[in-house]
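Here is the structure we will look at.
Whatever order the structure lists them in is the order used to number ligands and atoms, beginning at 1.
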Amino acid sequence: MLRMAARRVVFVYGTLKRGEPNHYWLTKKENGEAKFLGRGTTAVKFPLVVGTRYNIPFLLARPGEGNHIEGEVYEVDQAMFAKLDELEEYPDYYDREEQAILTEQNETIQCWLYLIRNFPDKMLAKKMLTSYHNTTEQPYCETYLESCPEDLAMDE
Ligand code: PCA
């Protein structure tokens with residue numbers, strides 16, 4: 001059990017999900033602790049798109065547009081939370097905020113999620129997903145570490 005004070009609940013909808021390219025980040029012991037609590041869906045609709053030449057999933061800070069997004073809920077310790085911030089390059093690339101998530105048990109819980117606040121309007125013209133999966137048509141580029149906020153602005 002994690003100590004209450006250290007408890008953070010995070011909703012992941014992209015490459016951090018089970019079976020997706022960055023899931024290992026949550027299971028890596030050196031990163032800290034993460035406990036899978038179950039699947040969940042955002043109470044509010046959001047645009048979820050895949051963008052840049054790296055095919056990165058982005059949840060865009062336009063509540064009310066798009067779909068109720070499907071993802072997974074994790075309870076993490078402070079060390080893991082800091083590691084997630086590192087991966088998402090918070091606050092330079094992704095921002096994060098707390099959002100209501102509906103769980104499989106029909107409970108609503110507040111969870112942190114990563115989202116993009118500054119993006120070009122053309123991002124909103126992309127296909128809005130309900131659930132992200134890495135696909136061969138739009139393969140997630142493992143060199144994401146070279147990606148930066150400027151790539152988002154260009155969205156090649
Ligand atoms: N990782 C985070 C945000 C987008 C991404 O690929 C996640 O899975 O929720």
Minimum heavy-atom separation for Glu70 and Phe11, please, with both atom names.
C-CZ, 3.9 Å

Checking Asp85 against Tyr114: is there a side-chain donor and acceptor pair closer than 3.5 Å?
yes

Among Arg8, Arg7, Glu33, whose side chain to side chain contact (heavy atoms under 4.5 Å, CB included) with Gln78 holds?
Arg8

Option from Leu16, Thr15, Val12 for which side chain to side chain contact (heavy atoms under 4.5 Å, CB included) with Trp25 holds
Leu16

Sub-4.0 Å heavy-atom environment of ligand 1, residues by chain
Val12, Tyr13, Gly14, Thr15, Leu16, Pro57, Glu88, Tyr94

Is there a donor-acceptor contact under 3.5 Å from the side chain of Asn55 to the main chain of Pro139?
yes

Answer yes or no: does atom CZ of Arg39 have more than 12 heavy-atom neighbours from other residues, nucleotides or ligands under 6.0 Å?
no

